[in-house]
Structures are given as C-alpha cells and as structure tokens.
Amino acid sequence: MAIKIGITGGIGSGKSVVSRLLGIMGISVYISDIEAKRITQTDPVIRRGLCDLVGQDMFQGGELNRPLLASYMFGHPDRVQKVNAIIHPQVKEDFRQWAARLESEQLVGMESAILVEAGFKNEVDFLVMVYAPLEVRVRRAVKRDCSSRELVMKRIEAQMSDEVKRGHADFVIVNDDETPLIPQVLKLISLLSKNNHYLCSAKK
C-alpha cells in the first residue's frame, strides 16, 4: 500500500516546485487544484449542487461559468464554504480512486494549498509543508500572477497562517531561494522509505 504524502504551503511558497521534483524522482503527485477544476466541470453531483446553489446559469453550453461563480463567492466567506462543501467531497473521492490505482507504488503525493482547511489531512499519511519567507512569497506571486502586492497580501491574509500550517506538518521543506531543495526532498523520501512499514501499520 502506497504511503500518501500531503504537500501544502501558502501562495508563493513553491509547493508546485516540490511536487515537480517528486515527479522527476518517480513519485506520482495528485495536483488537487487542477483536478478540482476538471471535476467541477464534469462531475454530475457538483454540477447539480452548484446549479441548485447559484442558479441554472452556472453552466452555459456545458461549460462552468467561472466569472459567475467567482462573483457569487467574492466577499462572502459563508458562500465559499457552501461551494467548497459541494466540491471538496468529490475531490476527496477522486483522490481515493486515484491513489487506489497506484497502491503498488511505495509513495504517492497530493498537493493542495488548502489541504488542512479542506479536510484533506485525513486522506494522507504524512504532511509536508513548503515554507518560504513572506517577502519571498509576495515577490514570487506578484511576478507569477502579474498582480499587485496589495492583492497578493489580501490572498495571503485570507489563507491559514504559516504558523498554524507548521503545527500540522510532519516535515517542513524550506524554499527560500537560498537553501538547496533537492537534498531536502531526498531526505523526505529517505525518511518515508525507512518508515514505510511503521506508517502503514499506524494508518490501519
């Protein structure tokens, strides 16, 4: 049975870079953001739930009306929770099916910025937080998204703090553009490989 690694971190932390490194090293990683978009577009339970919540205009020509969904949620945390309550259970189930197909692998991963907040922590055996200093995160996000510092800071402030995330983590990878990443990822893989039997037993 594969050990499931949860990979999380705030905006601009570089969790996607860590996921790509794991992929290069032969470890399959489920990118929840990409898969959630796919599932939201295709899953009948989600389509029905969103239409009941927002209205029949939620899907036009078979396509998700993303601007309408974004405007519905903007500035309304309670609405965000309702939308997530429709989408997240289906993403969890999709991840379970994906992981089951790879059960012969030693390690698999799940990347999610909101892994803890979405309740995905119970789906993984070992939680990895990718950490970067605030200013590094802001600089990366501004450049990547062609955004302003103010907008990036608002997004960061809306997320779970690094301190709280760190409290949930079993392992922290520092991605500050100074500390080498590859040795840290190799250390993670070595740690999990050595504790494979222990972790499997703990989850049963």
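Note that the coordinates shown come from a computational prediction; the quantities given were computed from them, not determined experimentally.
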Undergrad: Judged by modelled atom types alone, do Ser16 and Glu111 share a side-chain donor-acceptor pair under 3.5 Å?
TA: yes
Undergrad: Same cluster or not: are Val136 and Met153 linked, directly or through other Ile, Leu, Val, Met, Phe, Trp or Tyr residues, by side-chain heavy atoms under 4.5 angstrom apart?
TA: no
Undergrad: Are any side-chain N or O atoms of Asp43 and backbone N or O atoms of Val45, one a donor and one an acceptor, separated by less than 3.5 Å?
TA: yes
Undergrad: Going by the angle between their ring planes, with limits at 30° and 60°, are Phe171 and Phe126 parallel, tilted or perpendicular?
TA: tilted
Undergrad: Would you mind reporting whether Ile27 and Leu21 have side-chain heavy atoms less than 4.5 Å apart?
TA: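 Not touching, per the 4.5 Å side-chain cut-off.
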Undergrad: Closest approach of Met160 and Glu117, non-hydrogen atoms and distance?
TA: CB-OE2, 3.2 Å
Undergrad: Would the distance check show the side chain of Lys143 and the main-chain N or O of Val138 forming a donor-acceptor pair, the cut-off being under 3.5 Å?
TA: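 Judged by distance alone, no pair lies under 3.5 Å.
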Undergrad: Ile7 and Leu188: same hydrophobic cluster, using ILVMFWY side-chain contacts below 4.5 Å?
TA: yes
Undergrad: Measure from the side-chain N and O atoms of Arg149 to the backbone N and O of Val142, and report whether any donor-acceptor pair falls under 3.5 Å.
TA: no
Undergrad: State whether the side chain of Thr42 and the backbone N or O of Arg38 hold a donor-acceptor pair below 3.5 Å, judged by distance alone.
TA: yes
Undergrad: Would you say that Ile86 contacts Leu53 through its side chain, given a criterion of any heavy-atom pair below 4.5 Å between the two side chains?
TA: yes
Undergrad: Going by the side-chain hydrogen bond (donor to acceptor under 3.5 Å, both in side chains) test, which pairs reach into residues 46-59, not counting sequence neighbours?
TA: none
Undergrad: Can Ile182 be reached from Leu191 by stepping across I, L, V, M, F, W or Y side chains whose heavy atoms are under 4.5 Å apart?
TA: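 Hydrophobic grouping puts Leu191 with Ile182.
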Undergrad: Quick check on the hydrophobic clustering: are Val29 and Val172 connected, directly or via other members, by side-chain heavy-atom contacts under 4.5 Å?
TA: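 As far as the 4.5 Å side-chain criterion goes, Val172 and Val29 are not connected within one cluster.
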Undergrad: Should the pair Arg137-Asp162 be classified as a salt bridge under the 4.0 Å nitrogen-to-oxygen rule?
TA: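 A salt bridge is present here (some side-chain N lies under 4.0 Å from a carboxylate O).
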Undergrad: Are the side chains of Val91 and Glu35 in contact, using a 4.5 Å heavy-atom criterion?
TA: no
Undergrad: Determine whether a donor-acceptor pair (N or O, by modelled atom type, separation under 3.5 Å) exists between the side chain of Thr40 and the backbone of Lys37.
TA: no
Undergrad: Without swapping roles, check the side chain of Gln41 against the backbone of Leu64 for a donor-acceptor pair under 3.5 Å.
TA: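 At least one qualifying donor-acceptor pair exists.
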Undergrad: Between Asn175 (side chain only) and Ala132 (backbone N and O only), is there a donor and an acceptor less than 3.5 Å apart?
TA: no
Undergrad: Below 4.5 Å, heavy atoms only, C-beta onward: do Lys4 and Glu123 meet side chain to side chain?
TA: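 No, their side chains stay 4.5 Å or more apart.
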Undergrad: Check whether Met129 and Leu127 end up in the same hydrophobic cluster, where Ile, Leu, Val, Met, Phe, Trp and Tyr are linked by side-chain heavy atoms less than 4.5 Å apart.
TA: no
Undergrad: Less than 4.5 Å apart, side chain to side chain, heavy atoms only: is that true for Tyr72 and Leu68?
TA: no
Undergrad: Closest approach of Ile11 and Ala141, non-hydrogen atoms and distance?
TA: CG2-CB, 3.7 Å
Undergrad: Which pair of heavy atoms, one from Leu115 and one from Gly6, lies closest together, and at what distance?
TA: CD1-CA, 3.6 Å
Undergrad: Just wondering, do Leu181 and Val174 contact through their side chains at under 4.5 Å, heavy atoms?
TA: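 Heavy-atom side-chain distance check fails, nothing below 4.5 Å.
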Undergrad: Please check: side-chain N/O of Gln184 versus main-chain N/O of Pro180, any donor-acceptor pairing under 3.5 Å?
TA: yes
Undergrad: Please give me the minimum heavy-atom distance between Ser193 and Leu107, naming the atom from each residue.
TA: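 So the minimum-distance heavy-atom pair works out to OG-CD1, 4.4 Å.
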Undergrad: What pair of heavy atoms forms the shortest contact from Arg144 to Gly12, and how long is it?
TA: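 Taking every non-hydrogen atom into account, NH1-N, 4.1 Å.
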Undergrad: Is the shortest side-chain N to carboxylate O distance from Arg155 to Glu150 below 4.0 Å?
TA: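 Answer for the salt bridge query: no.
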Undergrad: Do Ile114 and His88 come within less than 4.5 Å of each other through their side chains, counting heavy atoms only?
TA: yes
Undergrad: Sub-3.5 Å donor-acceptor pair from the side chain of Lys15 to the main-chain atoms of Thr8, do we have one?
TA: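 Not a single qualifying donor-acceptor pair exists.
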Undergrad: So, Tyr131 versus Asp176: side-chain donor-acceptor pair below 3.5 Å or not?
TA: no
Undergrad: Is it true that Glu157 and Lys154 have a side-chain N and a carboxylate O under 4.0 angstrom from each other?
TA: no
Undergrad: Can you tell whether the side chains of Arg139 and Asp177 come within less than 4.0 Å, N to carboxylate O?
TA: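 So Arg139 pairs with Asp177 through a salt bridge.
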Undergrad: State, yes or no, whether a side-chain contact exists between Ile31 and Ser19 at a heavy-atom distance under 4.5 Å.
TA: yes
Undergrad: For Phe59 versus Cys51, what's the shortest heavy-atom pair and its separation?
TA: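 For Phe59 and Cys51, the tightest heavy-atom pair comes out as CD1-SG, 3.8 Å.
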